[in-house]
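What follows is one structure encoded as structure tokens, with my remarks underneath.
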Amino acid sequence: MSSAPLPMAPVPAPATPSLSRARYTLVLAALTLGGFAIGTGEFAGMGLMPNLVASLGVSEPQVGHLISAYALGVVVGAPLLAILGGALNRKILLLALMGFYAAGNLASALAPEYGSLMLFRFIAGLPHGAYFGVAALTAVSISPPEARGRAVSLVMLGLTLAILVGTPLATWVGLLASWRWVYAAVAVIALASVALIALSLPAAVEAPRERPLDELRAFNRLPVWQALLIGAIGFAGMFSVFSYLAPTMVEVTGVASAWIPLGLAGFGLGGVIGNMLGGWLFDRLQFRAVPVVLGWAVVMLLLFPLAAQQPWSLLLATVGIGMMGALGPILQSHLMDVADGAQTLAAASHHAAFNAANALGPWLGGMAISAGFGWTSTGWVGASTAVAGLGIYAWAARTRSQRLQACPGAR
């Protein structure tokens, strides 16, 4: 396989007038705040698992199904809303998506029982992927070409900050009050993002869009599907461990429930480090950064069952596993290169793939736990999915090398 980095796909020239530094910063802050709201709403259920179990009278694996329902909503909604919203002005689309997210979380806060909560978590997940896809492309469109990666990383930073700050805080609120207040707070943060986007983002934030059928044809390429499969399967290991961390800390590590936010914060710290590291790795290795991250993930996940026996080693393990987040900016940037003509759909589908991992990880982990393999079996499950991701990468690298030999300069 050629070691030379492939040429970047052309990004449409910004149609937005030059923004002042202050307004540019405010736009990125508004988009990041939206990401923070989404990330907190997505991951809150993992830290609130004991509260949901006690309140709803269900088991831990059943709470894992709530997490999977949200993730399934992302998988369904990301490509669907990206296509349906293609005719809308980007600013209007961002406002609609974030308003939709606020409504879904408010409904979750008011859900009377388990079945309705599962439905509302699915609905809340629908705008997730489309928001991040449109937000990332909007950030690129108002940024100079040399700051493209940084702009995408700042939008994605909202997710990692949600794990570092939002999820532990949500867990703490759940311990003191109720899980319902957490989803209500997420709705309020989402509405704050709506207000900031409305005030700061110019209306003329556009880029040429293909017709839906043309975009689907451009999207339907093997390199795109391979990248999405790597995210959907290779990243599932982190969610397998993360989803059941709260009961693992109580039942295996033997700490009080008050320690759970600290464990979740370890994932967040690892995610912040991984988010920065992922952009750095992609700039240097391009697509070849993928096996570096997945190889690290295999080692960390295999060590998790041993690390879970002591509080200090558990916290180090959560940071190490959280660093799998480096895969996010790597695959997002790679998709922008190989999905020329379907970048909006690909950017949204990237988050659908990662939420397929968010559905797959808790489901597989829950099966292992229900089968009697213990709480720490999530580490072995996660290592298996990371190895599968490496296998998909090997397939993608081989077909990519063949394309390069047949057509030099191809992506």
Side-chain angles (χ1 to χ4, degrees), residues 29-58 60 62-74 77 94-132 135 158-199 242-243 246 257-258 260-261 264-265 267-268 355 358:
L31 297 175
T32 303
L33 181 62
F36 178 79
I38 289 178
T40 302
E42 177 182 17
F43 300 125
M46 299 169 186
L48 294 170
M49 186 171 285
N51 311 81
L52 288 162
V53 167
S55 173
L56 299 172
V58 295
E60 284 86 354
Q62 284 178 299
V63 175
H65 296 331
L66 292 175
I67 297 168
S68 296
Y70 177 96
L72 182 61
V74 182
L94 285 169
L95 294 174
L97 291 169
M98 190 49 59
F100 188 175
Y101 194 75
N105 280 276
L106 182 58
S108 298
L110 299 174
E113 38 77 36
Y114 176 77
S116 59
L117 180 58
M118 180 172 287
L119 173 63
F120 293 143
R121 294 317 295 154
F122 171 81
I123 291 172
L126 291 172
H128 175 129
Y131 172 82
F132 274 109
L159 272 177
T160 53
L161 286 177
I163 304 175
L164 178 62
V165 179
T167 305
L169 186 59
T171 305
W172 179 70
V173 170
L175 289 172
L176 292 180
S178 167
W179 58 268
R180 296 182 185 276
W181 286 106
V182 173
Y183 289 124
V186 168
V188 171
I189 297 170
L191 290 176
S193 174
V194 168
L196 277 177
I197 292 171
L199 289 171
F242 189 31
S243 298
S257 57
I260 294 172
L264 297 173
F267 271 97
N355 277 272
N358 194 4

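Worth saying up front: this structure is predicted, and the values here are computed from it rather than measured. Quick note: numbers below take in every heavy atom, side chains included, and nothing from hydrogens, waters or symmetry partners.
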How many angstroms lie between atom CZ of Phe132 and atom CD1 of Ile38, to the nearest 0.5 angstrom?
4.5 Å
Shortest non-hydrogen contact from Gly166 toward Thr40:
CA-OG1, 3.7 Å
Taking all heavy atoms of Glu42 and all of Arg121, pick out the closest pair and write down the distance.
N-NH2, 4.5 Å
Verdict with supporting geometry, Leu31 and Leu94, side-chain contact (heavy atoms from CB on, under 4.5 Å)
CA-CA 9 Å; Leu31 297 175; Leu94 285 169; 3.9 Å; yes
Measure the CG-CG distance between Leu66 and Leu119 for me, rounded to the nearest 0.5 Å.
11.5 Å
So Phe120 and Leu106, side-chain contact (heavy atoms from CB on, under 4.5 Å) or not? Walk me through it.
CA-CA 9 Å; Phe120 293 143; Leu106 182 58; over 6 Å; no
Provide the closest heavy-atom pair for Gly39 versus Ala162 in the form atom of the first, atom of the second, distance.
C-CB, 3.4 Å
Atom pair CG (Leu56) and CD (Glu113), whose distance is rounded to the nearest 0.5 Å
8.5 Å
Would you please test Val53 and Gln62 for side-chain contact (heavy atoms from CB on, under 4.5 Å) and show each step?
CA-CA 8 Å; Val53 167; Gln62 284 178 299; over 6 Å; no
Which label fits Trp179 and Tyr183: parallel for a plane angle under 30°, tilted from 30 to 60°, or perpendicular past 60°?
perpendicular
Starting at CD1 of Ile260, measure out to CH2 of Trp172 and round the result to the nearest 0.5 Å.
15.0 Å
dist Thr171:OG1 -> Leu176:CG (nearest 0.5 Å) comes out at 11.0 Å
In terms of heavy-atom contacts, Ala184 and Ala109 come closest through N-CB, 3.7 Å
Between Ser193 and Ile189, is there a donor-acceptor pair closer than 3.5 Å when you use the side chain of the first and the backbone of the second?
no
Plane angle bin for Tyr101 and Tyr70 - parallel if under 30°, tilted between 30 and 60°, otherwise perpendicular
perpendicular
For the student: nearest non-hydrogen atoms of Gly174 and Leu48, plus distance:
CA-CD2, 3.7 Å
CA sep, side-chain torsions, deciding dist, call: Tyr114, Leu52, side-chain contact (heavy atoms from CB on, under 4.5 Å)
CA-CA 9 Å; Tyr114 176 77; Leu52 288 162; over 6 Å; no
Would you check if Ile123 and Met118 make a side-chain contact, meaning some heavy-atom pair closer than 4.5 Å?
no
I need the minimum non-hydrogen distance between Pro127 and Leu97, along with the two atoms involved.
CB-O, 3.5 Å
Do Leu33 and Leu196 have side-chain heavy atoms sitting under 4.5 Å apart?
yes
